[in-house]
Peer 1: 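Provided herewith is a single structure, encoded as structure tokens, for subsequent inquiry.
Chain A is the first sequence line, chain B the second, and so forth, proteins listed ahead of strands; every chain is numbered from 1. Keep in mind it's a predicted model, so treat the numbers as computed, not measured.
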There are 2 protein chains.
Amino acid sequence: MILRGRNPFDGKPQLTLRDVAEAAGVSEMTVSRVLRNRGDVSDRTRARVYSAARSLGYVPNKIAGALASNRVNLVGVVIPSLSNMVFPDVLGGIGKVLSETPLQPVIGTSQYDPETEEKVIYEMLSWRPSGLIVAGLEHTSAAQAMMRSAGIPVVEVMDVDGDPVAAAVGISHIRAGRDMAREILARGYRKIGYLGSGSGGDHRAQKRLQGLREGLSAAGVTLTDSCFYEGASGFGTGRQMSADMLSRHPDLDFLYYNTDMNAAGGLLYCLEKGMKIPEEIGLAGFNSFEVLDGLPMRIATMDSRRTEIGQKAAELIAANALSDEIIALEPRFLEGETVRRR
Amino acid sequence: MILRGRNPFDGKPQLTLRDVAEAAGVSEMTVSRVLRNRGDVSDRTRARVYSAARSLGYVPNKIAGALASNRVNLVGVVIPSLSNMVFPDVLGGIGKVLSETPLQPVIGTSQYDPETEEKVIYEMLSWRPSGLIVAGLEHTSAAQAMMRSAGIPVVEVMDVDGDPVAAAVGISHIRAGRDMAREILARGYRKIGYLGSGSGGDHRAQKRLQGLREGLSAAGVTLTDSCFYEGASGFGTGRQMSADMLSRHPDLDFLYYNTDMNAAGGLLYCLEKGMKIPEEIGLAGFNSFEVLDGLPMRIATMDSRRTEIGQKAAELIAANALSDEIIALEPRFLEGETVRRR
DNA sequence: CTGAAAGCGCTAACAT
DNA sequence: ATGTTAGCGCTTTCAG
């Protein structure tokens, strides 16, 4: 007889349907039906099964269930990081929609590294999820191939400037940059500095910068200065960058930041230096973070609509359509108090 | 013949080991060995298998593998929320340690609701993970029973004031409150207000408040006022609470917040009102958030050691010991600039 | 309404 | 170094 080796770490042998079936005096099949609320089972049997399952402390084995049914109620979500508040917000939108379905999100992070992302996507797909949501449009070609041939709904989120593998939900960051240029110019600012992230990994910030440049040059204006940081955004980063840039170019009349977090640091710096905001100098950020309501001034920003992006993406997955729809939400300018009124 | 019903949403039939085996002209078992780097396989065979697998675009089915091997390299992590930056930091610590093992974290959120938490734990356990990390010590008794009988390493994190199901890694929040009381009193403040979260769900903040009260009363001092909010922490919340409390008690000389986020709002408010910090009024928060470096003053706070907590918890899981060790890290007071120097 | 049989895709154990 | 066999725990299908 073959003795199956058990994992040496296994505590007790796993409780199976069979155990519950014996305890309740019915077949495994009946137990399975009761526990999944499938098919007709008499109330009496149902009650017996429930009480047997409960008193044994039975927890079904989803692994086995998934293998047998070829159905896995998981949705893979691959994002760069959890430290950047942008992504938890997207996850919030996804979770809200999925919580009304049998689907469950499973999160993986790529640390802004394409190779890591490829691995994470591979791991996710090897669990045969019901759908996949991936942040951004830039991936290794192997990752794109996997996404394309996964045979499940795939949605790329955050960005629509590029070539999605399948469906995409996001905003155009190029357009966000252009719109910001228009708002800045319309308010009479002309000497503009950009403060953003240096890592080529932040494609979306790069696109906003590109849009900004395009928008300015359409009006014959050139970006006066730009400055890039490595590492995390934050008040300290924003403060430092602002100080550096203003010492290089004391004549700047506008600072555009890649994110509100940095903009907040810049705002505090400028206020401390006694600069007149928004007359002397204007400031704007990106994302619209609620935690920051309560700064001395409301920062002009653009709503990146992350919660809605998460929701729409989850809806596409829940609809189980292998669509290649591209849903472009409009970035929304929020005037705040750090720019002159038009 | 039996035609197995496939999920109507299935695209193509799944690619199996058998397909790769045929393409490479070897047995399924050999393919399995190559793909898992197990056992001895000749270089020639290995190469053939790899190229077959790659050219077909084969992605192994972990569901089947897990069922057959009774091994699932997942670690369930259950936290209240991702919006509170505390938890992403813990996840960072967990991820860092697990990335050096074959284990992968899977995140679930409870939304600060014990019933939801119970469900999430149940779902997690039904995937038969290799370990479980749960935030906090307060759970439904059903959840505790599941954790106890899961037969896998279970670690409760963040808090050590209570009765863990098995292992625990965290700080004593009661002690954090007491230590803060001592620091406040040692600096000569006597009229102290507490500003915190009202939701009974935030057990750890409650414990800090309790510790604060104990620490004060040991010195014969009573908390002058306390105030609680519902909803999210943030600058606006901190500002509002501070304004309310100071209008009720203009004679307060210290404000202790449940989190640095709120403390930051309070700091900005007090500065705007022209109050002298730290002479006239002192401020302290909790957690030590790096993003906030760059505020006009560094807020006095206490390091909640979340990254280390995540790391230690992950180490316990990785060691695969069914231990009931309680690891209490020390909360560390960080003086900042919003309290008088001793 | 209930049960019996087959098998999901993979890996452990036992050959060779 | 490679192949063969049995079976993981569940669900699907078909038969009462």
Peer 1: Among side-chain atoms of Glu117(B) and His139(B), is any donor-acceptor pair under 3.5 angstrom?
Peer 2: yes

Peer 1: Could you state the CE-P distance from Met29(B) to dT4(D), rounded to the nearest angstrom?
Peer 2: 12 Å

Peer 1: Is the shortest side-chain N/O distance from Ser32(A) to OP1 or OP2 of dT11(D) below 4.0 Å?
Peer 2: yes

Peer 1: Using a 4.0 Å heavy-atom cut-off across all strands, classify Asp40(A) as base, sugar-phosphate, or nothing.
Peer 2: base

Peer 1: Will you find, in the side chains of Thr109(A) and Gln111(A), an N or O donor that is under 3.5 Å from an N or O acceptor?
Peer 2: yes

Peer 1: Just checking, is any N or O donor in the side chain of Asn61(B) or Gln14(B) under 3.5 Å from an acceptor N or O on the other one?
Peer 2: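 Short answer, yes.
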
Peer 1: If you measure only the distance, is there a donor-acceptor pair under 3.5 Å linking the side chains of Ser42(A) and Arg46(A)?
Peer 2: no

Peer 1: Charged N to carboxylate O below 4.0 Å: is that the case for Lys119(A) and Glu115(A)?
Peer 2: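 Not counted as a salt bridge, because no side-chain N and carboxylate O are separated by less than 4.0 Å.
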
Peer 1: What is the separation between atom CD on Glu22(A) and atom C1' on dG3(C), rounded to the nearest whole Å?
Peer 2: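 Whole-Å distance recorded here is 15 Å.
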
Peer 1: Arg36(B) has an atom CZ; how far is it from atom C1' of dA13(C), in whole Å?
Peer 2: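 Atom-to-atom, Arg36(B) to dA13(C), this comes out as 12 Å.
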
Peer 1: Report the distance from atom CZ of Arg38(A) to atom P of dT12(D), rounded to the nearest whole Å.
Peer 2: 6 Å

Peer 1: Taking the side chain of Val26(B) as its heavy atoms from C-beta onward, which of dG3(D), dC10(D), dT11(C) lies nearest to it?
Peer 2: dG3(D)

Peer 1: What's the CD-P distance between Gln14(A) and dC8(D), to the nearest Å?
Peer 2: 11 Å

Peer 1: What integer distance in Å separates Glu28(A):CD from dT13(D):P?
Peer 2: 18 Å

Peer 1: 5'-most contact on DNA chain C: Pro60(B) or Arg33(B), nearest heavy atom basis?
Peer 2: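 The residue mapped nearer the 5' terminus is Pro60(B).
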
Peer 1: Does dC8(D) have its OP1 or OP2 closer than 4.0 Å to a side-chain nitrogen or oxygen of Arg71(B)?
Peer 2: no

Peer 1: Atom CZ of Arg128(A) and atom P of dC8(C): how far apart are they, to the nearest Å?
Peer 2: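 From Arg128(A) CZ to dC8(C) P: 14 Å.
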
Peer 1: Between dA4(C) and Ser27(A), is there an OP1 or OP2 to side-chain N/O distance shorter than 4.0 Å?
Peer 2: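 No.
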
Peer 1: With a 4.0 Å cutoff (strictly under), does any side-chain N or O of Tyr58(B) reach OP1 or OP2 of dC10(C)?
Peer 2: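 Looking at the OP1 and OP2 atoms of dC10(C), one of them is under 4.0 Å from a side-chain N or O of Tyr58(B).
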
Peer 1: Within the pair Ser42(B) and dT2(D), is there a side-chain N or O less than 4.0 Å away from OP1 or OP2?
Peer 2: yes

Peer 1: Among dT11(C), dG3(D), dT11(D), find the nucleotide with the atom closest to the side chain of Thr30(B).
Peer 2: dG3(D)

Peer 1: Rounded to the nearest Å, what distance is computed from the CG atom of residue Leu35(B) to the P atom of nucleotide dG9(C)?
Peer 2: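 From Leu35(B) CG to dG9(C) P: 16 Å.
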
Peer 1: Verify the contact: side-chain N or O of Arg18(A) to OP1 or OP2 of dC10(D), cut-off strictly under 4.0 Å; return yes or no.
Peer 2: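 Negative; the distance criterion is not met.
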
Peer 1: Please pick, from dT2(C), dT11(C), dG3(D), the nucleotide with the shortest atom-to-atom distance to any side-chain atom of Ser69(B).
Peer 2: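 Closest nucleotide to the Ser69(B) side chain: dT11(C).
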
